[in-house]
Amino acid sequence: MSTNVISGNGNNDVKLPIYMDNHATTRTDPRVVEEMLPYFTEKFGNAASRNHEFGWVAEQAVEQARERIAKLIGATSKEIIFTSGATESNNLAIKGVAEMYKEKGNHIITQAIEHKAVLDTCKRLEKYGFRVTYLPVQKDGRIDLDDLKRAMDDKTILVTIMTANNEIGALQPIREIGALCHERGVLFHTDAVQAIGKVPFNVIQDNVDLASLTAHKLYGPKGVGGLYVRRKNPRVQLVAQIDGGGHERGMRSGTLNVPGIVGFGKACALASEGMAEEAVKLAALRDRLKDAIMGQLDEVYINGSVEHRLPGNLNISFAYVEGESLLMGINDIAVSSGSACTSATLEPSYVLKALGAGDDLAHSSIRFGLGRFNTQAEVDYVAERVVDTVKRLRELSPLYEMAKEGIDLTKVQWAAEPTH
Amino acid sequence: MAYSTKVLDHYSNPRNVGSLDKNSAEVGTGLVGAPECGDVMKLQIKVNPATNIIEDAKFKTFGCGSAIASSSLATEWVKGKTVDEALTIRNTDIVKELSLPPVKIHCSVLAEDAIRAAIGDWKKKNGQHSQPQAQPVEQRA
C-alpha cells in the first residue's frame with residue numbers, strides 16, 4: 001500500500017490512505033502490541049501446563065487478562081470464557097444454550113439485523129427442530145419491546161439481540177430486553193462486540209446472561225474473543241461445541257492463545273480507563289463529519305437512530321449515487337458501502353433493507369466508522385472528498401436529473417435488465 | 001476489487017456525459033435498469049435523418065464504476081456509426097475492451113440494452129420497425 005502526505009491547512013497534514021472503517025476492525029493499539037510481545041518469545045508457555053514455570057507465567061497472564069476483561073463489563077473473571085472471536089462466541093452461546101435447555105423449550109427469539117454469525121446459527125438450529133422468531137426492527141433500527149413481549153411463549157428458552165449494530169451503530173434497548181427475559185425465566189444473550197469499550201455496558205445492570213466479545217474491535221488483536229457466561233442469578237450452563245482437553249471450565253477446549261489474550265486484556269484495560277473521554281471525542285468528530293456533509297449536500301439520509309447510536313458510527317445514504325462508484329471516487333479513504341456491488345452476495349445490505357428505506361437507498365449507503373486514531377484533519381479531508389465526489393457523480397446520474405425535473409422516481413416503470 | 005486501467009479512465013474522465021433534447025425527432029433515448037438493482041443507464045443518440053449516422057451520443061449512469069465505464073464506452077462506439085452498425089455492438093465487445101470480471105458482465109449487458117433501447121426509440125419516432133428483441137442474456141454473456 002502506498003502512502004503519501006497531503007498538506008492540509010496549516011499544520012494539519014493528513015496521511016493517506018485514511019482508515020475510517022473501524023467497525024470492520026481496528027488498528028491494534030501499540031500499547032497492546034508491546035504488552036503481547038514477550039508472550040511469543042520469552043514467556044511462550046502453555047497456560048494449561050501446571051507443573052512448570054513457563055506454564056505458571058502464561059496462566060498468570062491469562063488470569064490477569066480475564067480480570068481486566070471482566071472489569072470492563074462488570075463481570076467476575078470466572079465468567080469469561082476465551083474463544084477465537086465473536087463468531088465462535090455467538091455459535092457457542094446460541095448452540096450451547098439450545099442444546100442444554102432443549103428439554104425446557106425449543107423457541108429462540110432474535111431480530112432481523114443481527115450479524116450473520118447469529119442469524120446463520122439460528123437458521124441451523126431451525127433445521128434441528130428449533131423454532132426461531134426473527135423480530136422486525138423499526139425505522140431507527142431498534143426492536144419494539146411490545147413485539148418481543150408478544151413473541152415470548154412458554155417454550156422460549158433464549159433471546160439473542162445485539163447491543164450495537166455493526167452497520168448502522170443502532171443501540172438496542174438491552175437493559176429492558178434483559179429485564180423482560182429475567183421476568184420470564186428466559187436467558188438473554190447479546191452480541192456486544194461493537195459496544196464494549198465504546199459505550200457503557202454492564203452485565204449486571206443490563207440484565208445480560210451471555211455476551212459475545214472480541215478483541216479486534218477495540219484496538220486488540222484479531223483471532224481472540226470471549227464469551228461472558230453468567231454464574232449466578234441465574235447460573236447459565238452450556239453444552240460445549242468443541243470437544244477436547246476440557247479447557248475453560250469444559251466449555252471451550254483448545255490451547256489458549258496467550259499472546260492474543262494478553263492483548264485482549266490490555267485493550268480492555270485501556271478502554272476502562274479512557275472510554276468516557278474517547279466517546280465524547282468520537283461523537284464530536286462524527287458530528288463534525290455529518291454536519292460538513294449534510295451542510296453541503298441535499299438529499300442525504302442518516303440510516304438508523306441518531307439518538308441511540310455508537311459514537312463513532314455514521315451511516316449515510318447519498319440519494320441518486322451508487323455506493324461502489326462513490327467508493328471508487330474516494331479510494332484514498334477506507335470506508336464500507338451497503339451497495340450490492342460491494343458485497344460477496346451481490347445483494348444490497350439486509351440491515352438497511354430491514355429499516356424499510358428501500359433498496360435504492362441501500363445501494364447508495366456509506367458507513368463511516370471513526371476510531372481512536374482518527375483526527376479532525378482527517379474528518380475534514382474525508383468530508384471534502386465525499387462532497388466533491390457525490391456532486392460529480394450526481395452530475396452523471398440520470399436519477400438526479402429526473403428528480404430535479406420533478407419526476408417521481410417511485411412511479412417510473414423501470415425496465416430492469418434480466419440478470420437481476 | 002481491482003479495476004482495469006480502462007475502467008478507471010472512463011470513471012475518472014467519462015466521455016459524452018450529458019443529455020440531448022428527448023423531444024427532438026432526431027434523438028432516441030434509452031433508459032434501462034432500475035434503482036432497486038443499483039444501476040440505471042440513460043443513453044441518447046442524435047441521428048442524421050439523411051444518412052442514418054449517429055452524429056452525437058450522450059449518457060448518464062447511476063451505477064458502479066463498471067456501469068459508468070460501459071455506458072461511456074458505448075457512447076464513444078456508437079458515434080459515427082449508422083444505426084444498423086450500432087446495433088451490431090455486443091456486450092461481449094464491451095467486456096473485452098474494459099476487461100470486466102464475471103460479476104460485472106451485467107454492466108455490459110445493460111449498456112448493450114441501452115444502445116438498443118435508444119435506437120428503438122428513435123426508430124419508433126421515425127416510423128420504422130423496431131429491431132427484434134435482444135437475445136437472452138445466457139447466449140450473450
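In what follows, every chain begins at residue 1, and chains take the letters A, B, ... in the order their sequences are listed.
- Proximity to chain B is limited to the side chain of A:Thr389, based on heavy atoms less than 4.5 angstrom apart.
- The backbone N or O of B:Cys64 sits nowhere less than 3.5 Å from a side-chain atom of A:Glu324 that would complete a donor-acceptor pair.
- In this structure, chain A has heavy atoms under 4.5 Å from both the backbone and the side chain of B:Val40.
- With contacts defined as side-chain heavy-atom distances shorter than 4.5 Å, the pair B:Lys42/A:Glu401 qualifies.
- Between B:Pro35 and A:Leu399 there is a side-chain heavy-atom pair separated by less than 4.5 Å.
- Using modelled atom types, no side-chain atom of A:Tyr400 and backbone atom of B:Phe62 make a donor-acceptor pair closer than 3.5 Å.
- The neighbour count for A:Lys123 NZ, taken as heavy atoms of other residues, nucleotides or ligands under 6.0 Å away, is above 12.
- Between B:Asp39 and A:His363, every side-chain heavy-atom pair lies at or beyond the 4.5 Å cut-off.
- The part of B:Ser12 that comes within reach of chain A is its backbone (N, CA, C, O), which places non-hydrogen atoms under 4.5 angstrom from that chain.
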Given B:Ile68 and A:Met328, is the side-chain contact (heavy atoms from CB on, under 4.5 Å) satisfied, shown in steps? CA-CA 11 Å; B:Ile68 291 170; A:Met328 262 179 99; over 6 Å; no

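- B:Ser19 contributes atom OG, which lies 10.5 Å from atom CE of A:Met402 (distance to the nearest 0.5 angstrom).
- Between B:Pro14 and A:Arg392, the closest side-chain pair of non-hydrogen atoms falls below 4.5 Å.
- Put simply, the side chain of A:Trp414 reaches to within 4.5 Å of the side chain of B:Leu31, judged on heavy atoms.
- For the set A:Asp360, A:Leu396, A:Leu361, the entry with the most heavy-atom pairs within less than 4.5 Å of chain B is A:Leu396.
- In this structure, A:Leu393 and B:Tyr11 have side chains that are in contact, with non-hydrogen atoms separated by less than 4.5 Å.
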